[in-house]
Amino acid sequence: MIVDLPDLAAMDAFGTRIAAALRPGDVVALSGGLGAGKTTLSRSVIAALGHPGEVPSPTFTIIETYDSLSPPLVHADFYRLEHPSEIDEIGLDDYREGAALLAEWPENAGGFGHEAACLSITLEIAGEGRRAIVLPGESWLGREP
Ligand SMILES: Nc1ncnc2c1ncn2[C@@H]1O[C@H](COP(=O)(O)OP(=O)(O)OP(=O)(O)O)[C@@H](O)[C@H]1O
Ligand SMILES: [Mg+2]
């Protein structure tokens, strides 16, 4: 499934649809190169879930948590990981307990596409805007954003 995202308003609307479908245990795996829009889409999802404040990019902290949202949300950026085994040292599984995960650079964490609750989104630059290639895992069928 392809979603055209010509501008920031379209990105916001897409993030709002993702937020409305999101459940605990889900992973939204956000792939795409530098500047593809992964953090922008994450911010739209987090804002749509009702977070009122700033959403810092997790590039340096790797993990940011939003415990009071429904579902509770973990926003991760695995860009700086050198090996997927580092997710164990970080304690990713503990963070994910009862929460949904938004993962930038998911490949660096070994990927999540094998999880039924993974929505894989690849963002690409398309002219001045973006395009999303969306691949729903089994448990996303019927609630694709
Ligand atoms: N749909 C869109 N249309 C136009 N511009 C966009 C769109 N989505 C994002 N942008 C712009 O692209 C720029 C980079 O976006 P963003 O920081 O989200 O990328 P990223 O994928 O997180 O990059 P990085 O891997 O470097 O963290 C921002 O200036 C943002 O405003
Ligand atoms: Mg980013």
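Counting starts at 1 for both ligands and their atoms, in listed order. Positions are given from 1 along the sequence. Every value quoted in this text rests on a predicted model; they were computed, and no experiment measured them.
- At least one N or O atom of Leu5 sits closer than 3.5 Å to an N or O atom of ligand 1.
- The single protein non-hydrogen atom nearest to atom 25 (O) of ligand 1 is Lys38 NZ, 2.7 Å, given as residue, atom name and distance.
- For the pair Glu86 (side chain) and His83 (backbone), a donor-acceptor distance under 3.5 Å is present.
- Of the protein's non-hydrogen atoms, Leu8 CD2, 3.7 Å is the one closest to atom 31 (O) of ligand 1.
- Side-chain N or O atoms of Arg130 include none that pairs as donor or acceptor with a backbone N or O of Leu5 at under 3.5 Å.
- To the nearest 0.5 Å, atoms CZ (Arg80) and CD1 (Ile62) are separated by 5.0 Å.
- Looking from atom 4 (C) of ligand 1 to the surrounding protein, the closest heavy atom is Glu128 O, 3.3 Å.
- Put simply, the side chain of Lys38 never gets that close to the backbone of Trp105: no donor and acceptor are under 3.5 Å apart.
- Atom CD1 of Ile18 is separated from atom CD1 of Ile46 by 11.0 Å, given to the nearest 0.5 angstrom.
- Contact annotation: Thr59 places no N, O or S atom under 2.8 Å from the Mg ion (ligand 2).
- At least one N/O-N/O distance between Gly35 and ligand 1 falls below 3.5 Å.
- Ligand 1 is never approached by Thr59 to a heavy-atom distance shorter than 4.0 Å.
- Nearest protein heavy-atom neighbour of atom 26 (O) of ligand 1: Leu34 CD2, 3.4 Å.
- Residue contact annotation: Ser57 has no non-hydrogen atom under 4.0 Å from ligand 1.
- Ligand 1 has no nitrogen or oxygen under 3.5 angstrom from a nitrogen or oxygen of Leu41.
- Ser139 contributes a side-chain N or O that, together with a main-chain N or O of Ala116, makes up a donor-acceptor pair within less than 3.5 Å.
- Although no hydrogens or angles enter the test, the distance criterion places a donor-acceptor pair under 3.5 Å between the side chain of Asn108 and the main chain of Tyr79.
- Under a 4.0 Å heavy-atom criterion, Tyr79 is not in contact with ligand 1.
- Annotation: Gly129 places no N or O atom under 3.5 Å from an N or O atom of ligand 1; distance criterion only.
- The shortest N or O to N or O distance between Thr39 and ligand 1 is below 3.5 Å.
- Nearest non-hydrogen protein atom to atom 18 (O) of ligand 1 is Thr40 OG1, 2.6 Å.
- With respect to atom 8 (N) of ligand 1, the closest heavy atom belonging to the protein is Met11 CE, 3.5 Å.
- Here the protein heavy atom with the shortest distance to atom 13 (C) of ligand 1 is Arg130 NH2, 3.9 Å.
- The Mg ion (ligand 2) does not have Asp77 among its coordinating residues (no N/O/S atom, backbone or side chain, under 2.8 Å).
- The aromatic rings of Tyr66 and His75 sit tilted, their planes meeting at an angle between 30° and 60°.
- Here the N, O or S atom of Glu104 that is nearest to the Mg ion (ligand 2) is OE1.
- Nearest non-hydrogen protein atom to atom 19 (O) of ligand 1 is Gly37 N, 3.1 Å.
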